[in-house]
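These notes concern the structure reproduced below.
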Amino acid sequence: MVGQEAKFGIESELRVTATNVTQALMEEIKTKKWDQNSPIPPGTASTTLGPESATYDDIDDFNNLPPWNDTTCTDTVNVNNVVFTREVDVCYVNPTTLGDCLGTKTNCTRSGATPTDYKKITVTVRAPATNWDSSVELMTVMTNY
């Protein structure tokens, strides 16, 4: 019984840590410009989502995280000797259906989307299978206004 209670305590701590890692990355992304060329007139968004350089100067630079063009679409962060996997997906969305990404995603790259003035950001952080084996996901929509 004591062993089971200890396991639940560790899982709770990992859940809180994963939530904090997720929130920290989302807050960092939200501090960036909406588009590489911001401010831009409505309706003139970049057709490319992803990094133009390694400077992280706009929100879609975080799409797929480094190493860019890697088919895993993830990176890792070590917190208290637990390695969490992070994933960021940035996509254009229609203002009437903010939850649905436009275009298709293949090997970490989105294509076929008509740019809109709305980008959905999804940050997912996963704990390893040996430690809780679950994830925390946060989503928000940023607009070019």
Side-chain angles (χ1 to χ4, degrees), residues 6-145:
K7 178 184 173 199
F8 289 138
I10 291 170
E11 286 180 10
S12 296
E13 183 178 334
L14 289 170
R15 233 179 281 269
V16 169
T17 303
T19 301
N20 290 339
V21 169
T22 308
Q23 185 67 43
L25 182 54
M26 179 66 83
E27 292 303 318
E28 180 183 354
I29 294 168
K30 288 169 42 180
T31 66
K32 305 302 178 182
K33 296 187 296 185
W34 186 83
D35 189 76
Q36 176 74 17
N37 301 313
S38 288
I40 60 173
T44 60
S46 171
T47 58
T48 305
L49 292 175
E52 297 82 20
S53 64
T55 59
Y56 291 102
D57 59 354
D58 65 276
I59 61 177
D60 64 69
D61 282 354
F62 289 84
N63 194 40
N64 304 330
L65 294 176
W68 298 297
N69 301 320
D70 180 357
T71 57
T72 64
C73 311
T74 63
D75 77 348
T76 59
V77 62
N78 186 322
V79 180
N80 300 326
N81 295 318
V82 177
V83 178
F84 293 89
T85 303
R86 305 183 308 171
E87 181 176 353
V88 178
D89 185 26
V90 180
C91 64
Y92 287 110
V93 292
N94 186 311
T96 59
T97 55
L98 295 175
D100 301 327
C101 288
L102 300 175
T104 57
K105 184 175 182 179
T106 307
N107 294 331
C108 309
T109 304
R110 289 207 173 270
S111 61
T114 301
T116 68
D117 289 315
Y118 299 85
K119 292 178 184 174
K120 181 175 87 167
I121 306 163
T122 305
V123 176
T124 306
V125 172
R126 291 181 185 84
T130 55
N131 291 309
W132 177 47
D133 189 31
S134 198
S135 63
V136 173
E137 184 175 272
L138 292 177
M139 288 180 272
T140 192
V141 174
M142 303 283 292
T143 184
N144 179 34
Y145 292 110

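Since the structure is predicted, the reported quantities are computational estimates derived from the model, not experimental observations.
Counting only distance, with no hydrogens or angles, the side chain of N63 and the backbone of V90 share a donor-acceptor pair below 3.5 Å.
Taking the side chain as every heavy atom from C-beta outward, Y92 and T114 never approach each other to under 4.5 Å. A 4.5 Å side-chain heavy-atom check between E28 and Y56 finds every atom pair outside the cut-off. No side-chain heavy atom of L25 sits under 4.5 Å from any side-chain heavy atom of V125.
Applying the side-chain contact (heavy atoms from CB on, under 4.5 Å) rule to S111 yields the partners T104; only residues at least two apart in sequence or on another chain are considered. Not counting sequence neighbours, the partners of N144 by the side-chain contact (heavy atoms from CB on, under 4.5 Å) test are W34, I40, D117. With sequence neighbours excluded, no residue forms a side chain to side chain donor-acceptor pair (under 3.5 Å) with T22. With sequence neighbours excluded, the residues forming a salt bridge (Lys or Arg N to Asp or Glu O under 4.0 Å) with D89 are K105, R110, listed by chain and number. With sequence neighbours excluded, the residues that form a side-chain contact (heavy atoms from CB on, under 4.5 Å) with T143 are Y118, Y145. Residues satisfying the side chain to side chain donor-acceptor pair (under 3.5 Å) test with Q23, not counting sequence neighbours, are E27. Every residue two or more places apart in sequence or in another chain that forms a side chain to side chain donor-acceptor pair (under 3.5 Å) with T96 is listed here: N94.
Each salt bridge (charged side-chain N to carboxylate O under 4.0 Å, His left out) pair with one or both residues in residues 34-51, not counting sequence neighbours, appears once here: D35-K119.
Between E87 and C73, the closest heavy-atom pair is CG-O, 3.5 Å. Considering all non-hydrogen atoms of both residues, C101 and K120 come closest at SG-CE, 3.7 Å.
R86 has a carboxylate O that lies under 4.0 Å from a charged side-chain N of D75, or vice versa, which qualifies the two as a salt bridge.
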Do any side-chain atoms of residues 76-85 form donor-acceptor pairs under 3.5 angstrom with protein atoms, and if so which ones, sequence neighbours left out?
unit_1, atom_1, unit_2, atom_2, d
N78, OD1, N81, N, 3.0

Donor-acceptor list for residues 134-142 side chains, cut-off 3.5 Å, not counting sequence neighbours:
unit_1, atom_1, unit_2, atom_2, d
E137, OE1, T124, OG1, 3.2

